[in-house]
Amino acid sequence: MAFITRQNIRSLSSSAALRAAIKHVTVIGGGLMGAGIAQVAASTGHSVVLVDTSEDILKKSTKGIEASLKRVAKKKFAEKPEDGEAFVQKVLKNISTSTDAVSVVQGTDLVVEAIVENLKVKQDLFGALDKAAPEHTIFASNTSSLPIADIASSTARLDRFGGLHFFNPVPMMKLVEVIKAPATSQQTFDALLEFSKALGKHPVSCKDTPGFIVNRLLVPYMLEAVRLHERGHGSKEDIDVAMKLGAGYPMGPFELLDYVGLDTSKFIIDGWHEKDPDNPLFAPSPLLNKLVAEGKLGKKTGEGFYKHK
Ligand SMILES: CCCCCCC[C@H](O)CC(=O)SCCNC(=O)CCNC(=O)[C@H](O)C(C)(C)COP(=O)([O-])OP(=O)([O-])OC[C@H]1O[C@@H](n2cnc3c(N)ncnc32)[C@H](O)[C@@H]1OP(=O)([O-])[O-]
Ligand SMILES: NC(=O)c1ccc[n+]([C@@H]2O[C@H](COP(=O)([O-])OP(=O)(O)OC[C@H]3O[C@@H](n4cnc5c(N)ncnc54)[C@H](O)[C@@H]3O)[C@@H](O)[C@H]2O)c1
């Protein structure tokens, strides 16, 4: 039996206050990740503004969100499809779009950035947002591989800056890595943990170290799979089947690389290789580089290691 103590009440009310604090969310980047984050935030009652560089991209993002919501609704409301349609419409109403990040952050509690994996581009974005956003607004990056402290360094709100690393596909993957950089305040970190829980996700706490937890283990594994294939020691199909049937992974490494995007994968590897050139774990892959140079970026462009319909 749980006893209600004064301390319990205090921590319950402070966590309720934190949860209440994040209502309006601005998601910047409407690609694979940003669209998923916007969808999940809107599905859990947040009001969301999704930002990208053009109306055409935003139209594509919104279409993708609608299609994904329909998949969710089909399962969630299997018994009552009409409630599923109402759910989809209600969630879509919680999302608006914009191509002007600076003007929309004026009314936001949290900015989640999911743009290209490039330090300078992320710094420029946050530097501009910092001047426009209210004092209380928390900034978070969904970066896969860049130090949160480096991204935050273009702002004057180091205490209100942290990492929220989601996993692809966001509507299905339960994990969020919540990253506390050295200057992130405990209050900001707690707010990010609470926000992740409010999204129905399972947060884990991470230090601001390269790759946090998942990617520090996943990137060397994926790269070793590519090298194994480059050495002629296995076809990509056999390697994928082996890891699915032999290790219980839902996707093989080549399928997952195509799913993540080969451009994003290359950004991650190149960045780590530049910082740690003698580490064989992060050595670049000629095959991956060739596919990216040919514009074969994986599922999102219709071809990567595999062809996708
Ligand atoms: C080298 C460097 C690389 C490093 C990269 C790091 C990247 C990054 O930082 C970290 C990551 O994200 S790492 C990546 C981490 N991610 C992973 O590791 C992912 C590994 N893969 C998986 O967990 C599974 O294969 C999936 C869950 C993707 C699909 O499940 P499945 O059973 O294999 O196949 P299924 O039959 O298709 O789908 C079944 C049902 O799922 C539902 N549904 C699916 N997608 C949906 C969506 N977008 N919306 C809504 N719903 C969606 C839907 O209900 C569907 O049924 P339907 O009747 O068809 O509508
Ligand atoms: N793909 C994954 O599996 C995955 C998983 C976790 C984290 N991430 C990280 O999430 C971020 C986004 O990855 P993604 O896969 O969604 O990429 P993506 O290429 O699918 O989408 C990026 C979007 O950002 C937009 N964009 C670029 N610069 C912008 C700017 N200055 N302002 C507004 N929008 C801008 C692009 O137009 C594009 O629509 C990266 O930091 C990546 O490392 C990716």
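Throughout, numbering of the chain's residues begins at 1 and tracks the sequence. If you're wondering where the values come from, they're calculated on a predicted model, not measured in any experiment. Order of appearance sets the numbers: ligands from 1, and atoms from 1 within every ligand.
Neither the backbone nor the side chain of Y259 comes within 4.0 Å of ligand 2, counting heavy atoms alone. When heavy-atom distances to ligand 2 are checked against a 4.0 Å cut-off, I268 has no atom that comes that close, whether in backbone or side chain. Residue T264 touches ligand 2 through its side chain alone, judged by heavy-atom distances below 4.0 Å.
Among the atoms of T143, none of the N or O lies under 3.5 angstrom from an N or O of ligand 2. Residue-to-ligand polar distances place I115 within reach of ligand 2: an N/O pair is separated by less than 3.5 Å. For the pair G34 and ligand 2, the shortest N or O to N or O distance does not fall below 3.5 Å. Distances between N or O atoms of M33 and those of ligand 2 include at least one value under 3.5 Å. For ligand 2, none of its N or O atoms has an N or O atom of D263 under 3.5 Å away.
Distances below 4.0 Å separate heavy atoms of H165 from the following atoms of ligand 2: 6 (C), 7 (C). Close approach of ligand 2 to I57 (heavy-atom distance below 4.0 Å) involves ligand atoms 37 (O), 39 (O). Those atoms of ligand 2 that come under 4.0 Å of a heavy atom in G31, given as number and element, are 16 (O), 20 (O), 21 (O), 23 (C), 39 (O). Within ligand 2, counting atoms from 1 as listed, the ones closer than 4.0 Å to a heavy atom of K300 are 18 (P), 19 (O), 20 (O). Atoms of ligand 2 found under 4.0 Å from any heavy atom of K122 (numbered from 1 in listed order, with element): 40 (C), 41 (O).
Using a distance-only test at 3.5 Å, with no hydrogens or angles considered, no donor-acceptor pair links the side chain of N142 to the main chain of G34. For D159 (side chain) and S185 (main-chain N/O), no donor-acceptor pair under 3.5 Å exists by modelled atom type. A side-chain donor-acceptor contact under 3.5 Å links S154 to the backbone of Q123.
Regarding atom 8 (N) of ligand 2, its nearest protein heavy-atom neighbour is S144 OG, 3.1 Å. Here the protein heavy atom with the shortest distance to atom 6 (C) of ligand 2 is F166 O, 3.2 Å. When only non-hydrogen protein atoms are considered, atom 38 (C) of ligand 2 lies nearest to D52 OD2, 3.5 Å. When hydrogens are left out, the protein atom nearest atom 1 (N) of ligand 2 is V260 O, 2.9 Å; that is the closest non-hydrogen contact. Of all protein heavy atoms, the one lying nearest to atom 41 (O) of ligand 2 is E117 OE1, 2.5 Å. Atom 10 (O) of ligand 2 has N142 ND2, 3.0 Å as its closest protein atom, hydrogens excluded (heavy atom only).
The CD1 atom of I213 lies 10.0 Å from the NZ atom of K207; values are rounded to the nearest 0.5 Å. Atoms OG and CD1, on S153 and I148 in that order, are 11.5 Å from each other to the nearest 0.5 Å.
S47 and H24 share a donor-acceptor pair across their side chains, judged by distance under 3.5 Å alone. A donor-acceptor contact closer than 3.5 angstrom is absent between the side chains of T264 and E117.
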side-chain contact (heavy atoms from CB on, under 4.5 Å) between F189 and V178: does it pass, once the steps are laid out?
-> CA-CA 7 Å; F189 182 68; V178 182; 3.5 Å; yes
What does the N/O contact table under 3.5 Å look like for ligand 1?
residue: ligand 1; atom: 9 (O); partner: S144; partner atom: OG; Å: 2.7
residue: ligand 1; atom: 9 (O); partner: H165; partner atom: NE2; Å: 2.8
residue: ligand 1; atom: 9 (O); partner: N215; partner atom: ND2; Å: 2.8
residue: ligand 1; atom: 12 (O); partner: N168; partner atom: N; Å: 3.0
residue: ligand 1; atom: 16 (N); partner: N168; partner atom: O; Å: 2.7
residue: ligand 1; atom: 49 (N); partner: S68; partner atom: OG; Å: 2.7
residue: ligand 1; atom: 54 (O); partner: K75; partner atom: NZ; Å: 2.6
residue: ligand 1; atom: 56 (O); partner: K75; partner atom: NZ; Å: 3.4
residue: ligand 1; atom: 59 (O); partner: R71; partner atom: NH2; Å: 3.1
residue: ligand 1; atom: 60 (O); partner: R71; partner atom: NE; Å: 2.9

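Residues K300 and D263 have side chains in contact (heavy-atom distance under 4.5 Å, counting atoms from C-beta outward).
F195 and H46 have their aromatic ring centers within a separation under 6.0 angstrom.
For atom 22 (C) of ligand 2, the candidate residues are G271, G261, A114; the nearest heavy-atom contact is made by A114.
Not counting sequence neighbours, the partners of K120 by the side-chain hydrogen bond (donor to acceptor under 3.5 Å, both in side chains) test are D124.
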